[in-house]
Asks: 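Have a look at this one before I ask anything.
Nothing fancy with the numbering, it's 1 onward along the sequence. Since the model is a prediction, treat every value here as computed from it, not as a measurement.
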Amino acid sequence: MTATSNAAAGAATLMPLLIHLLRGASDLASVSATHAKLLKLGAASSVASSNHLLAAYGRCGCTALARHLFDGMRDRNVVSWTALMSGYASAGRPRAAVALLRAMARSGVPPNAFTFSTAASSCARLADAGLGRQVHARAEVAGYACDSVVSTALVDMYGKAGRVGDARAVFDAMPVTARNAVSWASMLSVYAQNALGHDAIQLFAELRTNGEDMAPNHFMLSSVVNACAGVGRLGIGKCIHGMVLHHGHEDNDVVAVALVDMYSKCGIYEYSKKVFDRINQPSVIPYTSIIVATAKYGLGRCALALFSDMVGRGVQPNSVTLLGVLHACSHSGLVDTGLQLLRSMRSEYGIDPCASHYTCAVDMLGRAGQLEAAFELADEAQVNGNDALMLWSSLLSACRNHKRLDLATMAGQKVSEFTQDVAGALVVMSNAYASAGQADDAAAVWSNMRRRGIRKDPGCSWIEIKDISYVFYAGVVSPAGSRAGEVMLLLDELEGKMREKGYKGRIGSARVLDADEEEDGNHHHQEGRGVMVGVHSELLTLGLGLLVIPKGMAIRVMKNLRMCRDCHEAFKVISAIVEREFVVRDLNRFHHFRMGSCSCNDYW
């Protein structure tokens, strides 16, 4: 046997081993060493070897080396192009990945399903529907648009770009046989991520009906649980929890975190804590989830204890964790502890405070009535854009609550400089003027809003009864259906009892109007149906809950805006009169009313 033949035999023996090493390599040193051995054997120039090297360099994030190798290849096939594209996508360079698809078309190498799915996933990272449509069109022309891998990537891409209708169109166009667990999970995730919880729940029902024997995986279950959390569907959430247990996914961290979030947002913190306590060796994400949940219930010291336990176990907090702890301090009046955390974030945990941390700290000072200190911190933060709007809106609300019209005017001037998402803050400014007896200034704010075309989203509240949601808007009692009259009579009766207890506010006007009538200056109307003038949505929702939900069960009300002070006081008084527990989830936190008091201790 000649030396040449011996070398060839040695190379043939080593090649499978080196390729195996490349497939498992994830660090640059190992990949470079294997590359050197392939060069020594004279086998690095083959298309197959180069493709393995491209993929390995991509996994290491070394796109420059991968591109250098790619440019030096004499022959490239679809695997070569797709491997480099995947490397760019993994390295956070999605535009470079999509650009390769166009260059690939010019080279004459036809893409395959994995090429298109990689390109679509890159567009998803960019949340660029326009670029994604170009990829979609190329996939259509090439005949890959109905491929399950490509279709699933397109569904995800459109969902990330907020094009839910396009995502559903792609999903519906998939052959039924091509829809697998991943494609169903992707469409469910699109609905959940775009705050369309009811649609996600409906789609999951379709899966259970039409999905034959497909067992839900943990991705599906976590998406549906998140959807239930978003819309406050406790009953369905409990059913999904049962499926989680039945299919053996209770130990999955993603599902467990979703359940912690769902139970907390549906008003049962105790269940959230039970789910968390069953997680073996929780990582930063479960810890963060339970800390945020605890904060929203105003259990500041419990949140601090969880944080201490987390750090004691060697789990490094992230920015969101620290934000959750700051929220806990804000909603519990632990100002000194919160400020100490803000000042020590960089030195203790290596995390620089961002706009959200400063906004939370300003909110904490404002709730505690330390308004001058809040203004000083707001100036120190030097935030811009939407972050600045949130900060000054929070401060404006605090000034109004503490009846500091002088400071409210200053914060209101800052808010008025913005052009978007300012309706809520301007309404607070108007209310501040009205509370101070400055009706003309209050009217001027509304006039300015009308001139600028600014409209406030209507407040609504809802309650779940036997897996059905009943949604109420201010003054409109008709969602109660046949029991609308009983709701109005009950609220009238409660108002009388509240006055006997010394309550000085008003639930609302006793006048009842028809939903289609307009109120005139003389207030002369026939007896109507469906409207109680001036009654806020949460009180109407509570009225139905008191009629329908049996005694001994807490009444859980969800609200899309912050609960006003008048309703907050009314709920406290009513809880003592009827001796019932109420749990209200508003925009900021939870309020647990029991026997005339609230868990927020007025740090609301």
Side-chain angles (χ1 to χ4, degrees), residues 232 267 401 424 427 431 434 456-465 468-515 519 528-551 553-600 602 604:
N401 288 337
V427 169
N431 290 340
K456 180 178 179 289
D457 291 333
C460 69
S461 302
W462 63 97
I463 188 170
E464 182 181 353
I465 299 170
I468 299 174
S469 288
Y470 295 83
V471 183
F472 291 85
Y473 289 86
V476 183
V477 74
S478 55
S482 61
R483 308 204 70 167
E486 293 177 73
V487 170
M488 292 188 283
L489 288 173
L490 175 61
L491 292 179
D492 283 340
E493 180 184 338
L494 283 172
E495 185 169 2
K497 292 181 178 180
M498 291 163 70
R499 297 207 178 288
E500 293 174 5
K501 294 278 188 180
Y503 179 74
K504 298 186 184 301
R506 284 189 68 82
I507 285 183
S509 174
R511 288 178 289 106
V512 182
L513 307 181
D514 191 275
E519 187 175 344
R529 302 174 306 279
V531 175
M532 287 192 77
V533 177
V535 183
H536 284 192
S537 60
E538 54 265 56
L539 285 164
L540 295 172
T541 309
L542 177 64
L544 179 62
L546 287 169
L547 287 174
V548 176
I549 297 176
K551 283 193 172 183
M553 294 179 63
I555 297 174
R556 305 179 193 281
V557 174
M558 311 291 170
K559 184 172 174 63
N560 69 331
L561 300 176
R562 186 177 181 180
M563 193 179 196
C564 75
R565 278 193 177 274
D566 288 342
C567 288
H568 189 267
E569 289 302 309
F571 268 64
K572 287 200 294 186
V573 177
I574 293 172
S575 71
I577 292 171
V578 299
E579 298 183 354
R580 300 280 301 267
E581 292 185 22
F582 312 140
V583 179
V584 178
R585 182 184 103 185
D586 71 5
L587 186 63
N588 291 337
R589 59 165 300 151
F590 277 88
H591 302 269
H592 192 165
F593 299 93
R594 182 192 291 121
M595 296 306 295
S597 64
C598 177
S599 59
C600 74
D602 290 334
W604 63 289

Asks: Of the non-hydrogen atoms in Met498 and Ile574, which two are nearest, and what is the gap between them?
Replies: SD-CG1, 3.7 Å
Asks: Restricting to non-hydrogen atoms, name the atom on Ser461 and the atom on Thr541 that form the minimum distance, rounded to 0.1 Å.
Replies: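 Taking Ser461 first and Thr541 second, the nearest heavy atoms are CB-OG1, 3.3 Å.
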Asks: Roughly how far apart are Leu494 CG and Arg499 CZ, rounded to 0.5 Å?
Replies: 12.0 Å
Asks: At their closest point, which heavy atom of Trp462 faces which heavy atom of Ser469, and how far apart are they?
Replies: CD1-OG, 4.4 Å
Asks: Quick check: do Cys600 and His568 have side-chain heavy atoms less than 4.5 Å from each other?
Replies: yes
Asks: Between CG of Leu587 and CG of Asn560, what distance do you get to the nearest 0.5 Å?
Replies: 8.0 Å
Asks: How about Leu540 and Leu491: do any of their side-chain heavy atoms sit closer than 4.5 Å?
Replies: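 Yes. Closest side-chain heavy atoms under 4.5 Å.
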Asks: How far does CG of Leu542 sit from OG of Ser575, to the nearest 0.5 angstrom?
Replies: 9.5 Å
Asks: Do the side chains of Lys497 and Tyr503 get nearer than 4.5 Å, heavy atoms only?
Replies: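 No, their side chains stay 4.5 Å or more apart.
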Asks: Quick one: pull up CE in Met563 and NE2 in His536 and give me the separation to the nearest 0.5 Å.
Replies: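 That separation rounds to 10.5 Å.
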Asks: Please find the pair of heavy atoms, one from Ile463 and one from Arg556, that lie closest to each other, and give the distance.
Replies: CG1-O, 3.4 Å
Asks: In this structure, is the centre-to-centre distance between the rings of Phe582 and His591 below 6.0 Å?
Replies: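 No, they do not, as the ring centres are separated by 6.0 Å or more.
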Asks: Strictly below 4.0 Å, N to O, side chains only: are Glu569 and Arg565 in salt-bridge contact?
Replies: no
Asks: Output yes when a side-chain donor or acceptor of Arg580 lies under 3.5 Å from a complementary backbone atom of Met553, and no otherwise.
Replies: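 Yes, because the side chain of Arg580 sits within donor-acceptor range (under 3.5 Å) of the backbone of Met553.
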Asks: From Glu581 CD over to Ser599 OG, what is the distance, rounded to the nearest 0.5 angstrom?
Replies: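 One gets 10.5 Å once the value is rounded to the nearest 0.5 Å.
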Asks: Would you name the heavy atoms of Lys572 and Cys598 that are closest together and state the gap between them?
Replies: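 Nearest pair, atom of Lys572 first, then Cys598: CD-N, 3.9 Å.
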Asks: At what distance, to the nearest 0.5 angstrom, does CD of Glu538 lie from CG of Asp566?
Replies: 10.0 Å
Asks: With respect to Ile555, which candidate in Ile549, Val548, Val583, Leu544 satisfies the side-chain contact (heavy atoms from CB on, under 4.5 Å) definition?
Replies: Ile549
Asks: Can you name the residues that form a ring pair (Phe, Tyr, Trp, His ring centres under 6.0 Å) with Phe472, not counting sequence neighbours?
Replies: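 Per chain and number, Phe472 pairs via ring pair (Phe, Tyr, Trp, His ring centres under 6.0 Å) with no residue.
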Asks: Do Met595 and Glu579 come within less than 4.5 Å of each other through their side chains, counting heavy atoms only?
Replies: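 Yes - at least one pair of side-chain heavy atoms lies under 4.5 Å apart.
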Asks: Write down the atom of Cys460, the atom of Tyr473, and the distance for their closest heavy-atom approach.
Replies: CB-CE2, 3.5 Å
